[in-house]
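All heavy atoms count here, side chains included; hydrogens, waters and symmetry mates do not.
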Amino acid sequence: RILRVFRIIQKILFWSIGVVARVAIHVTLVALCAAIACHIMCCGWWALGVHGPADSGHRWADRYREEFLFQGVAYEYTTSLHWVVGQMTLAGTDIVVQNTIERIVAIQALVVA
C-alpha cells in the first residue's frame, strides 16, 4: 500500500509541473547518468592502466608514468576521463591501447557509447 501511495504522489507531482520543467528534469537526469557512467569508466580505465594485467608487457599508462608522478592524481583522472570522453564521442585521443585487455575494454566502451 505504501508503494501504491508513493506512485500516486509521484504521478500527481509529475503532472503538476509544466512540460518545460519535465523536459529539463529529464535532460538533467540523462546528463547525470552520462557523467556517472563516464566517471565509472574513467576509474576503471585508470586502474587497468596502472594495475591491470599486461600480456604485451606494456600498459597505456606507461607512456604517462613520469607525467603522473609530477602532475598528481588530478592529472591522472583527467587523462583517463579524456580517453573515456574520446571513446564515448568517437573523437579519439592520443591515448593508445597497449595490450589485449585494454583493447577489449576499448571495444566495450565503443559499444556502450
Side-chain angles (χ1 to χ4, degrees):
R1 289 183 178 213
I2 294 173
L3 185 59
R4 189 172 185 186
V5 170
F6 177 74
R7 285 184 187 165
I8 292 170
I9 292 171
Q10 184 181 15
K11 286 180 182 181
I12 291 170
L13 289 174
F14 180 77
W15 290 108
S16 67
I17 61 175
V19 175
V20 175
R22 274 190 298 217
V23 170
I25 290 170
H26 284 283
V27 168
T28 303
L29 289 176
V30 168
L32 181 64
C33 288
I36 290 171
C38 283
H39 171 72
I40 291 170
M41 290 176 64
C42 171
C43 292
W45 182 249
W46 174 83
L48 189 62
V50 175
H51 302 293
D55 57 356
S56 66
H58 302 286
R59 297 184 187 105
W60 74 266
D62 293 343
R63 179 177 171 197
Y64 300 94
R65 181 88 45 208
E66 290 181 22
E67 293 177 44
F68 285 173
L69 288 174
F70 292 117
Q71 300 292 333
V73 177
Y75 185 77
E76 293 178 33
Y77 181 81
T78 55
T79 303
S80 298
L81 186 62
H82 179 220
W83 178 84
V84 169
V85 171
Q87 295 297 311
M88 298 295 262
T89 60
L90 302 176
T93 67
D94 60 341
I95 301 169
V96 181
V97 297
Q98 298 290 328
N99 58 54
T100 305
I101 300 298
E102 290 175 359
R103 192 165 306 279
I104 290 169
V105 171
I107 292 169
Q108 290 174 344
L110 288 171
V111 170
V112 167

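Residue Trp60 holds its CH2 atom at 5.5 Å from CD1 of Ile95, rounded to the nearest 0.5 Å. Between the NE2 atom of His82 and the CD atom of Gln87 there is a distance of 10.5 Å, given to the nearest 0.5 Å. Here the straight-line distance linking atom OH of Tyr64 with atom CG of Asp94 works out to 4.0 Å at 0.5 Å rounding.
Listed by chain and residue number, nothing satisfies the side chain to side chain donor-acceptor pair (under 3.5 Å) test with Arg63 (two or more places apart in sequence, or in another chain).
In this structure, Glu102 and Val96 approach most closely via the heavy-atom pair OE1-O, 4.5 Å. A pairwise comparison of heavy atoms in Met88 and Ala109 identifies SD-O, 4.1 Å as the closest pair.
Remark: the backbone N or O of Gln98 is paired with a side-chain donor or acceptor of Ser56 at under 3.5 angstrom. For the pair Asn99 (side chain) and Arg59 (backbone), a donor-acceptor distance under 3.5 Å is absent.
By the neighbour-count criterion of 12 heavy atoms within 6.0 Å, atom CZ of Arg65 is densely surrounded, having more than that number from other residues, nucleotides or ligands.
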Show me, pair by pair, the donor-acceptor contacts under 3.5 angstrom made by side chains of residues 39-50, not counting sequence neighbours?
residue, atom, partner, partner atom, Å
His39, ND1, Tyr77, OH, 2.9
Trp46, NE1, Glu76, OE1, 2.6

Does the pair Phe68 and Thr79 meet the rule for a side chain to side chain contact (heavy atoms under 4.5 Å, CB included), with working shown?
CA-CA 9 Å; Phe68 285 173; Thr79 303; 3.9 Å; yes
For Val97 and Ile104, what are the C-alpha separation, side-chain angles and deciding distance, and is it a side chain to side chain contact (heavy atoms under 4.5 Å, CB included)?
CA-CA 9 Å; Val97 297; Ile104 290 169; over 6 Å; no
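Put simply, the side chain of Ser80 does not reach to within 4.5 Å of the side chain of Tyr75, judged on heavy atoms.
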